[in-house]
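As structure tokens, the structure follows; a few thoughts come after it.
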Amino acid sequence: MSETASFVDPVFLARFGLNRTNVLDYFLHPLNPFRTTVNTSNEVVAMQGIGIGIFMQQGLHHGEPPLSPQQAEIEYHNALAKLTGEQYELMPPSEPSLYAQPSPLYTIRHVLRTNPTTTKVLGIYYVVEGVIYKAPSVRSVMKTNVTRTLEGLSGACEALAPCARYLPSLGYTWVFDPKEKTDPYSLMQMAKKRKRRKILDNRRPGERTAAEEEGIRASEAIDQILVRISKSSLLVK
């Protein structure tokens, strides 16, 4: 299933609304394509009369006082921890006040439990304003970031390629201002000015500070990279 897929049941939302007491029931909707096809521990405890809403209404046992929303979720989690198999866990809210009031976002974790303390995460889902989405995998996030980075580098290469100028006597020079003169004589004059500026600093490499040395190496490395980019861009064209 595509990671951009989603599910929403407007009938359920219109009839019951959505809060922390029923969001797991909403996720376990038979038409939800994200839910597993196997019998989950959530359905097992539901048949035993165990649920967050039930704990909030009746307490742990008949005749006991009702539990607070936070305590009800803790007891529900403890009931799931006693079972093994696939389970859906409602993750705690970002703020304690959201235990007792509706939230625009709920996070549900799909796990495979082998014992009370060991689980393997099979998936994470978000319920945003009643719409269920699957959280993207690490691979897809990395792929997206790498794609965006490559697109940025490609755009930078295309922008820099027209700025490169080459003369046999001077090698490569860079003209970033489109209004600047780019005839051979102007380029030679520019090269002489740069050379004079370099000569002004007649200190030997060992006499410069570490920061100055690092700046010079970085500048030389960038120049080499730009030259290679320009050459490759010209070859492609």
Side-chain angles (χ1 to χ4, degrees), residues 1-57 68-81 83-114 118-152 154-155:
M1 180 183 296
S2 171
E3 292 184 347
T4 60
S6 61
F7 171 78
V8 61
D9 180 15
V11 176
F12 183 102
L13 298 175
R15 184 175 180 183
F16 304 106
L18 195 63
N19 51 59
R20 295 189 67 83
T21 62
N22 65 2
V23 66
L24 285 175
D25 296 330
Y26 180 66
F27 187 87
L28 291 171
H29 193 290
L31 298 179
N32 180 14
F34 296 115
R35 62 160 293 175
T36 181
T37 56
V38 303
N39 195 31
T40 64
S41 300
N42 305 79
E43 295 164 300
V44 173
V45 298
M47 290 187 292
Q48 298 174 357
I50 297 175
I52 298 174
I54 296 175
F55 285 146
M56 292 175 59
Q57 294 176 357
S68 67
Q70 186 172 0
Q71 292 174 328
E73 288 191 26
I74 293 174
E75 293 299 333
Y76 182 78
H77 177 79
N78 293 338
L80 290 177
L83 303 176
T84 59
E86 295 188 33
Q87 306 175 357
Y88 289 103
E89 299 176 340
L90 178 60
M91 303 304 294
S94 57
E95 299 179 5
S97 61
L98 295 178
Y99 275 105
Q101 63 185 23
S103 171
L105 171 65
Y106 302 96
T107 305
I108 296 175
R109 188 171 68 168
H110 182 199
V111 301
L112 175 63
R113 184 178 294 278
T114 54
T118 304
T119 58
K120 177 183 178 182
V121 178
L122 303 179
I124 297 178
Y125 301 88
Y126 299 112
V127 186
V128 184
E129 298 289 353
V131 183
I132 301 174
Y133 301 94
K134 183 178 180 180
S137 63
V138 175
R139 179 179 180 274
S140 64
V141 172
M142 291 296 296
K143 181 180 178 181
T144 301
N145 290 337
V146 170
T147 301
R148 290 176 179 174
T149 302
L150 292 177
E151 290 176 353
S154 177

Q: Check the pair Phe27, Asn42 against side chain to side chain contact (heavy atoms under 4.5 Å, CB included), reporting the backbone distance first and the verdict last.
A: CA-CA 11 Å; Phe27 187 87; Asn42 305 79; over 6 Å; no

Q: Determine, step by step, whether Phe34 and His110 satisfy the ring pair (Phe, Tyr, Trp, His ring centres under 6.0 Å) criterion, reporting the C-alpha distance in whole Å, the side-chain angles of both residues, the deciding distance to 0.1 Å, and the verdict.
A: CA-CA 10 Å; Phe34 296 115; His110 182 199; over 10 Å; no

Q | Approximate separation, where rounding is to 0.5 Å, of Leu28 CG and Thr40 OG1 | A | 5.0 Å

Q. Would a 4.5 Å heavy-atom cut-off, applied to side chains only, mark Tyr106 and Pro93 as touching?
A. no

(Q) Whether the side chain of Arg109 engages the backbone of Glu89 through a donor-acceptor N/O pair (distance < 3.5 Å, no angle test) should be reported. (A) no

Q | Minimum side-chain heavy-atom gap Leu90-Arg20 below 4.5 Å | A | yes

Q.
Going by side chain to side chain contact (heavy atoms under 4.5 Å, CB included), name the residues that satisfy it together with Glu95, two or more places apart in sequence or in a different chain.
A. Ser97, Leu98

Q: Work out which heavy atom in Val128 is nearest to a heavy atom in Leu105; give both atom names and the distance.
A: CG2-CD1, 3.7 Å

Q. Donor-acceptor pair, Glu75 side chain versus Ala72 backbone, under 3.5 Å?
A. no

Q: Quick one: pull up OG1 in Thr36 and CG in Leu122 and give me the separation to the nearest 0.5 Å.
A: 8.0 Å

Q | Minimum heavy-atom distance Ser6-Val131, with the two atoms named | A | CB-CG1, 3.7 Å

Q: Evaluate the side-chain proximity of Val45 to Leu83: yes if any heavy-atom separation is below 4.5 Å, no if none is.
A: yes

(Q) With a sphere of 6.0 Å drawn around OH of Tyr126, does it hold more than 12 non-hydrogen atoms of other residues, nucleotides or ligands? (A) no

Q. Out of curiosity, Asn22 CG to Arg15 CZ, how far, rounded to the nearest 0.5 Å?
A. 12.0 Å

Q) Quick one: ring pair (Phe, Tyr, Trp, His ring centres under 6.0 Å) partners of Phe12, sequence neighbours excluded? A) Phe16, Tyr26

Q: Please report the shortest heavy-atom distance between Ile50 and Ala79, naming the atom on each side.
A: CG2-CB, 4.0 Å

(Q) Return the CG to NE2 distance between Leu24 and His29, rounded to the nearest 0.5 Å. (A) 14.5 Å

Q | side-chain hydrogen bond (donor to acceptor under 3.5 Å, both in side chains) against Thr84, all qualifying residues, sequence neighbours excluded | A | none

Q: Give a yes or no answer on whether the side chain of Gln87 reaches the backbone of Arg113 with a donor-acceptor pair at less than 3.5 Å.
A: no

**Q.** Reported OH-to-CD1 distance for the pair Tyr99 and Ile74, which is rounded to 0.5 angstrom
**A.** 6.5 Å

Q | Separation between CD of Gln48 and CD1 of Ile54, rounded to the nearest 0.5 Å | A | 11.0 Å

